[in-house]
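Below you'll find the structure, written out as structure tokens, and then a few comments.
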2 protein chains.
Amino acid sequence: MSPLSSGLLGDLDPTSDRAVFRQIADQLREAIDRGRFREGEKLPSEAELVDHYGVSRMTVRNSFSILQGEGLVHAEHGKGVYVRPRPPVRRLASDRFARRHREQGKSAFIVEADAVGSHPKVDSLEVKEEKASQDISTRLGSVRRVLARRRRYLLDGRPVEFATSYLPLDIARGTQIAEPNPGPGGIYARLEELGHRLDHFEEEIRARMPSPAEVKTLHLAAGVPVIHLIRTAFDTEGRAVEVCDTVMAADAYVLAYQLPAT
Amino acid sequence: MSPLSSGLLGDLDPTSDRAVFRQIADQLREAIDRGRFREGEKLPSEAELVDHYGVSRMTVRNSFSILQGEGLVHAEHGKGVYVRPRPPVRRLASDRFARRHREQGKSAFIVEADAVGSHPKVDSLEVKEEKASQDISTRLGSVRRVLARRRRYLLDGRPVEFATSYLPLDIARGTQIAEPNPGPGGIYARLEELGHRLDHFEEEIRARMPSPAEVKTLHLAAGVPVIHLIRTAFDTEGRAVEVCDTVMAADAYVLAYQLPAT
DNA sequence: CTCCTTTAGGTATCTAGACGAGTGGGCGAG
DNA sequence: CTCGCCCACTCGTCTAGATACCTAAAGGAG
């Protein structure tokens, strides 16, 4: 008993000027939206759809590729095409850098993940001095070389975020900030101990499709964009003391901000 | 003189286990990244690449479809495949709802666009009462019906943003907020005149691939995600007085926020 | 019972070609 | 000279295969 005989999918309209593969994609998309196929459920195989619609296999694959591009489904080699489950999202609140959180000890990422019962992990740690890019140099106020701290964050084994912090050498060199483990409260706590009392942060947010390297690093499925966040930390003297460049899997995050109406 | 004879593109590696169409996409991507093809410039035609690499046309098209999915190129029927130019981005600063801006008179969108020499336009205006969705109802504090204000924003003829504001009926009904033109300073100015002095806004930001309807409304090219922003306005009594649901073309925006380090 | 092989059923990649349809330049008729 | 048509070039869609590789379950060897 094929699932296609039960009326889940309709027929093609040969009089329509909409391409056949788009019509098939439309029907599959609507079936998914209506819940006829649930999250994680397998769609009919290519061969089944070829039989059902009486089209060639390339046409069916073309339909699937549309839905993949929309991030609705993903194909598993040798198994089938499945409705992509929506992963749990991590909410980044605008007070996530509040000093009271910093004074707890553990890193914000770890604390937060533990709170919701996830298993957090940080890997790909790299700390080194390097030449500042044009953009980073501008943001930090014309520095030539910087300390770069790279790390990748994982939740329950899934990579969700890749971040690089850049700090001026005259601040970071020789301090615990230049160590792989910056100690309790993270680098912001160290910066304050070094006399750079933090005043505010500026964040810039963009969204775009990932580069191949980002797809690899974040294990991104087709049709998943990334959120690109660039944060600059300013001390009370108005100096930019850190720039953090973060690329996040867009399906794993929702960012929350609070704005004054002043 | 074909551009392919000049060494812009290399050869395939038959010993590689990387699929041929991926290798071709890699070479094209690299050529674009290196500036061998500039923004708006035409890539070699499918036929030229077929000749150059000695593969079938479907393989070349497959390569192009990868680059399209990444938002790097776009095809124009009958003309060619072009490197997609990056449109100018509109920067949304975190003080964009400051009261001082509201008191100017014109809408924030118009003022801002005029300032950078763009031609702004607002269309698709629709104002009506309707049943609140579950989500909107929750955000507004269990209201059943709301006033919905829908509009689309265009810059220089290009649609960039589609927004819907929802307001509780007991606040908006019968006021100028229920009119297509809410008057100088927009609905926030009207809300304050009605005694709902604004205290702060909360914004939630997500990024995802657009639905087909959003592709149509925003004239989105392939490989362009959308930024989905949901803003809730609170008055000084802590009541949610408006929810604004906005879908933006991600390639047209960068959002900027300022966070206190408190 | 365990482990390996086989096999059926999936998707991944690629070929070769056909026809449709949009674009733009060249050329001939007027 | 101008207008309109034709044609070459381009991408869009679809067909009908072939081969490769992956997965999972069935079945046989030990």
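All heavy atoms count here, side chains included; hydrogens, waters and symmetry mates do not. A note on names: the letters A, B, ... follow the listed sequences, proteins ahead of strands, and every chain is numbered from 1. All figures in this text were calculated on a predicted structure; none of them were measured in a lab.
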**Prompt:** Between B:Y53 (OH) and C:dT13 (P), how many Å, whole number?
**Reply:** 17 Å

**Prompt:** Just how far, in rounded Å, is C1' of C:dC14 from CD1 of B:I66?
**Reply:** 14 Å

**Message:** Classify the ring geometry of B:Y257 against A:Y257: parallel below 30°, tilted from 30° to 60°, perpendicular beyond 60°.
**Reply:** parallel

**Asked** Do A:R22 and A:I24 have side-chain heavy atoms sitting under 4.5 Å apart?
**Response** no

**Prompt:** Between A:T59 and A:L49, is any pair of side-chain heavy atoms under 4.5 Å apart?
**Reply:** no

**Request:** Can you check each nucleotide of nucleotides 8-16 of chain D against protein heavy atoms at under 4.0 Å and return B for base, S for sugar-phosphate only, - for none, in 5' to 3' order?
**Result:** --BBBBBBB

**Salt bridge B:E126-B:R149, side-chain N to carboxylate O under 4.0 Å** = no

**Asked** Does the distance from a Lys or Arg side-chain N to an Asp or Glu carboxylate O, for A:E30 and A:R36, drop under 4.0 Å?
**Response** no

